[in-house]
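Data block below; observations after.
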Protein chains: 2
Amino acid sequence: MNHFKEFERNEDGFTTPLENMLGSIKFNEQGLIPAIAQQFDSKEVLMMAWMNLEALKETLKTGRVCYWSRSRGGLWRKGESSGQVQELKSLALDCDGDTVLMQVDQTGPACHTGRRNCFFYAVEGESVKISGEVLIPPEELYKK
Amino acid sequence: MNHFKEFERNEDGFTTPLENMLGSIKFNEQGLIPAIAQQFDSKEVLMMAWMNLEALKETLKTGRVCYWSRSRGGLWRKGESSGQVQELKSLALDCDGDTVLMQVDQTGPACHTGRRNCFFYAVEGESVKISGEVLIPPEELYKK
């Protein structure tokens, strides 16, 4: 039973146990779901990364955003090496149960390049223009 | 050569031909890239869907958002059956070249359920609550 489909016609305010919905989430073949992080007050979209069920549960439990790193093949507690953590404000799933949207409070830059957000390659006509200043150089972000 | 990686240390305002960047986009095994649509003025995240290179090029060319429908296996000109189109205001790619973020002007509901956005399953503690009114019932949206 896909609860996302089942409940989509219910009214605003309808409530159901989280546990049921978690079981209906459509993870991809790698067991992952895309998760969008939006700065809760400015509404800036900061980044998109991936979560498995464990990362999603940890994020909800701890209130600190945890992704799944596809390159490292492990849990990625955002900010664990850079210090630039994401505090979770709220989390929602979409109609199909295949995308996560989070309102977060991002400390400093969300992007590994040291920019506030990852979407700095802006298409302008037949060109792409870098739009976004480096707030903290990567050398400083990732020094240990 | 991955131009996203190559150029990430360049400064704010750096410009390069779009054609080069399109060639470096990291489409997944199905040839698709996730595309986030954000209402340009309210900054509400409306939905996330997928694009192949053809859909992305058409979106940039026509200024009307076109996705790839995974269920139908074809181009999906948003609003072609519901009338609820997305006018493109601007488009950006992320640091890794594997996600698209669009600023759009959405006519009416973005969601197939008739809600303004797709992220209406809000997690609240151990529950999920529907948060978002149906603006136009699906029966009306999809009648022909």
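In what follows, chains are A, B, ... by sequence order, proteins preceding strands, each numbered from 1.
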A:F7 and A:F14 aromatic ring geometry - parallel, tilted or perpendicular at 30°/60° bounds: tilted

Write down the atom of B:L32, the atom of B:W68, and the distance for their closest heavy-atom approach. CD2-CD1, 3.5 Å

For chain A, which candidate among [options] shows the most heavy-atom pairs at distances under 4.5 Å?
options                       : value
B:L60, B:D98, B:T15, B:L93    : B:L93
B:Q38, B:K43, B:K129, B:E8    : B:E8
B:M47, B:E11, B:R9            : B:R9
B:G125, B:G132, B:A122, B:S90 : B:G132
B:A92, B:C111, B:C95          : B:C95

Mind checking the [atom1]-[atom2] spacing from [X] to [Y]? Nearest 0.5 Å is all I need.
X      : Y      : atom1 : atom2 : value
A:S127 : A:Y121 : OG    : OH    : 14.0 Å
B:Y67  : B:R77  : OH    : CZ    : 14.0 Å
B:R116 : B:L135 : CZ    : CG    : 8.0 Å

Less than 4.5 Å to any heavy atom of chain B: does that hold for the side chain of [X], its backbone, both, or neither?
X      : value
A:T113 : side chain
A:H112 : side chain
A:V134 : neither
A:I36  : side chain
A:E133 : both
A:Q103 : neither
A:N117 : neither

Would you check if there is a donor-acceptor pair between the side chains of A:Q39 and A:Q106 at a distance under 3.5 Å? no

Going by atom types alone, do A:R64 and A:T62 pair a side-chain donor with an acceptor below 3.5 Å? no

Which residues in residues 16-25 of chain B have any heavy atom lying under 4.5 Å from a heavy atom of chain A? B:T16, B:P17, B:L18, B:M21

Which bit of B:E29 comes within less than 4.5 Å of chain A, counting heavy atoms only: side chain, backbone, both or neither? side chain

Please rank A:L101, A:D96, A:T99, A:V100 by heavy-atom pairs under 4.5 Å with chain B and give me the top one. A:L101

Given A:E44, A:E124, A:M48, the one with more heavy-atom pairs under 4.5 angstrom with chain B than any other is A:M48

